[in-house]
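Encoded as structure tokens, the structure appears first; notes follow it.
Below, chain A is the first sequence line, B the second, and so on; all start at residue 1. Scope of the values below: all heavy atoms of this structure, side chains included, with no hydrogens, waters or symmetry mates.
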There are 2 protein chains.
Amino acid sequence: MSNQNLYNPHVSVDCVVFGFDGEQLKVLLIERSINEQNELYNDKKLPGSIILNDEDLDEAASRVLTELTGLKNIYLSQFRSFGGPDRTKNPRDILWLENTTQLKIGRIVTVAYVALIKIDRKIQVKNDNTQANWCNLNEVATMNLAFDHAKIINKGLEYIRHNLDIEPHLLFELLPRKFTISQLRSLYDTVHQTTSDVRNFHKKVAQWTYVVALDEVEEGVPHRAARLYKYKK
Amino acid sequence: MSNQNLYNPHVSVDCVVFGFDGEQLKVLLIERSINEQNELYNDKKLPGSIILNDEDLDEAASRVLTELTGLKNIYLSQFRSFGGPDRTKNPRDILWLENTTQLKIGRIVTVAYVALIKIDRKIQVKNDNTQANWCNLNEVATMNLAFDHAKIINKGLEYIRHNLDIEPHLLFELLPRKFTISQLRSLYDTVHQTTSDVRNFHKKVAQWTYVVALDEVEEGVPHRAARLYKYKK
DNA sequence: TTTGAATAGTGTATATTATACAATAAGAAA
DNA sequence: TTTCTTATTGTATAATATACACTATTCAAA
């Protein structure tokens, strides 16, 4: 157990990373393979890990996200901790934890973060056999997820739904640098679970001083091209 | 170290309990005495404790609050975790922790909760030398507080300021069962840091279907008595 | 080159909600 | 009866949100 002085095996961080493909919200999940009695078992998990001993929680979340996805300088918001005594009781999860950490694992309390990122950012695995993929949010319910990660994703979604009202700026983390009003409206409606009127939405955006029109239109569409806008804080 | 199998000394919960005395917000703090080199040192801390091994975080928060204040059936909302590696580095705090828990203490990540309660609820210490008191929020900055509890209180305050907009119902946890519109307005303005117009506030409250007028007026005031209202969910 | 298909872009009338503002009512105390 | 203190109430105006439908532009196909 050589990691003993490096890692704190009682606390972890998990990152719920949301993206938007123009139609729906997606969440970034890591493929996990477990060799269980010589049968290979595959499922998915959130990017996360136990924390280092000398590391703050926010630092741990950033580090873990970079290690597992290559993503750097991502704005992460802590939204909730999960610590039910049963969350690390599944034998498959324990097996995987002890294999990957080389530590004896008891109960782990996890501190969960959300991040919103542009979906076209390169997700590059740096080291081993981990593989990160975008998954449709509405398929999460039907997938096999490690630990209580399905619950964590749902709570993360709730969190951004409430907090984008307070922080509308976060929306733009999910859009390309240049975007159309249609894209913005589609995202807005997806997050807020509304269907807003096209004209009224244009009026609303017109008052957002941080959305500025560019002298460009989109290209390669088989119809009238829409004007492009950018976000300026 | 007989508590070893009972307590998890790596994770704690802390409760930021707010009350309202009609004029300002108050927070419930526990007196702490530390015998440091034969000098008695006094300061204050939030009601909190390390968690039990078989206990969920929410359960731990309820238990701790009951143990330290006698309060039961309090609605607690988890709002944030604090886990900087330095938060349990103050020798005085370590001394106190090891004395009270009889455990070797390293780093502790704490999960913080807020609660809002009626200030006239009886706070009764059940066991030992702990003593809980209401403290004015605006004096917290000038007091000596354990660990990072000053920071936790501030974040808790931020949390209720944001979340009472979403959950106006929580406001009524802070008022007596029967209250006047003045009291409600005073609380509302204190929390939201506003000064609202009397007439407009009456109109606003009139549309809150969950605030119902009683057939009673307040008593013992040296002027026209105000009508009493109650909260009905 | 004309036509159709697809999406972009725009204005006005109405309803709802928020704000500003001051005089009267009620009860207690002198 | 007067005075003091707080409670209670309405109206006019401004700001914001909503409902609603036609014309514009571009590409592609006939």
Side-chain angles (χ1 to χ4, degrees), chain A residues 20-24 161-162 164-168 171 175-231, chain B residues 20-24 161-162 164-168 171 175-231:
Chain A
F20 181 67
D21 67 359
E23 301 229 318
Q24 58 182 317
R161 290 220 157 108
H162 287 134
L164 287 183
D165 298 333
I166 299 163
E167 277 289 349
L171 268 191
L175 287 174
R177 205 164 53 79
K178 299 174 182 179
F179 53 86
T180 67
I181 300 290
S182 269
Q183 289 175 309
L184 178 56
R185 185 166 58 88
S186 164
L187 170 59
Y188 183 95
D189 281 345
T190 300
V191 171
H192 291 83
Q193 296 180 293
T194 52
T195 51
S196 52
D197 177 82
V198 184
R199 274 174 293 190
N200 293 336
F201 191 80
H202 272 263
K203 274 185 288 187
K204 188 203 299 268
V205 171
Q207 333 203 107
W208 291 353
T209 55
Y210 45 86
V211 172
V212 299
L214 298 173
D215 226 6
E216 293 175 68
V217 293
E218 59 181 346
E219 283 173 19
V221 287
H223 52 74
R224 177 176 176 183
R227 170 166 236 127
L228 290 172
Y229 292 76
K230 71 170 183 181
Y231 169 70
Chain B
F20 181 67
D21 67 0
E23 300 230 319
Q24 58 181 317
R161 291 221 155 107
H162 286 133
L164 286 184
D165 298 333
I166 299 163
E167 277 289 348
L171 268 192
L175 288 174
R177 206 164 52 79
K178 300 175 181 180
F179 52 85
T180 67
I181 300 289
S182 270
Q183 289 175 311
L184 178 57
R185 184 165 61 89
S186 165
L187 170 58
Y188 184 94
D189 281 345
T190 301
V191 172
H192 290 83
Q193 298 180 291
T194 52
T195 51
S196 52
D197 177 82
V198 185
R199 274 174 291 190
N200 292 336
F201 190 79
H202 271 263
K203 273 184 289 186
K204 189 203 299 269
V205 171
Q207 336 204 103
W208 291 352
T209 55
Y210 45 87
V211 173
V212 299
L214 298 173
D215 225 8
E216 292 175 69
V217 293
E218 59 182 347
E219 284 172 18
V221 288
H223 53 75
R224 177 177 176 183
R227 169 168 236 126
L228 290 172
Y229 292 76
K230 70 170 184 179
Y231 170 69

Atom-to-atom span, [atom1] of [X] to [atom2] of [N] - whole angstrom:
X: A:Phe201; N: C:dT10; atom1: CZ; atom2: C1'; answer: 16 Å
X: A:Lys204; N: C:dT10; atom1: NZ; atom2: C1'; answer: 17 Å
X: A:Asp197; N: D:dT18; atom1: CG; atom2: P; answer: 10 Å
X: B:His202; N: C:dC21; atom1: NE2; atom2: C1'; answer: 15 Å
X: A:Leu184; N: C:dG9; atom1: CG; atom2: C1'; answer: 15 Å
X: A:Glu219; N: C:dA8; atom1: CD; atom2: C1'; answer: 16 Å
X: A:Phe179; N: C:dA8; atom1: CZ; atom2: P; answer: 15 Å
X: A:Arg199; N: D:dC22; atom1: CZ; atom2: C1'; answer: 8 Å

Hey, are the side chains of [X] and [Y] touching, using non-hydrogen atoms and a 4.5 Å cut-off?
X: A:Ser186; Y: A:Phe20; result: yes
X: A:Leu171; Y: A:Tyr231; result: no
X: A:Arg185; Y: A:Asp189; result: yes
X: B:Trp208; Y: B:Leu184; result: yes

Pairs under 3.5 Å (N/O, protein and nucleotides 12-18 of chain C):
{"unit_1": "C:dT12", "atom_1": "O4", "unit_2": "A:Lys203", "atom_2": "NZ", "d": "2.7"}

Determine all donor-acceptor pairs shorter than 3.5 Å in which one atom belongs to a side chain in residues 213-228 of chain B; sequence neighbours excluded.
{"unit_1": "B:Glu216", "atom_1": "OE1", "unit_2": "B:Lys178", "atom_2": "NZ", "d": "3.1"}
{"unit_1": "B:Glu216", "atom_1": "OE2", "unit_2": "B:Lys178", "atom_2": "NZ", "d": "2.9"}
{"unit_1": "B:Glu218", "atom_1": "OE2", "unit_2": "B:Ala226", "atom_2": "N", "d": "3.0"}
{"unit_1": "B:Arg227", "atom_1": "NE", "unit_2": "B:Leu214", "atom_2": "O", "d": "3.0"}
{"unit_1": "B:Arg227", "atom_1": "NH2", "unit_2": "B:Leu214", "atom_2": "O", "d": "3.4"}

side-chain contact (heavy atoms from CB on, under 4.5 Å) against A:Glu167, all qualifying residues, sequence neighbours excluded: A:His169, A:Leu170
Residue closer to the 5' end of DNA chain D, B:Arg227 versus A:Val198 (nearest nucleotide): B:Arg227
Nearest heavy atoms of B:Asp197 and B:Asn200, plus distance in Å: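 For B:Asp197 and B:Asn200, the tightest heavy-atom pair comes out as OD2-N, 2.9 Å.
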B:Phe179: partners by ring pair (Phe, Tyr, Trp, His ring centres under 6.0 Å), with sequence neighbours left out: B:Phe172
Sugar-phosphate, base or nothing in reach of B:Val221, heavy atoms under 4.0 Å: sugar-phosphate
A:Asp165: salt bridge (Lys or Arg N to Asp or Glu O under 4.0 Å) partners, not counting sequence neighbours: none
Please list, for nucleotides 1-6 of chain D, all pairs of protein and nucleotide N/O atoms separated by less than 3.5 Å.
none

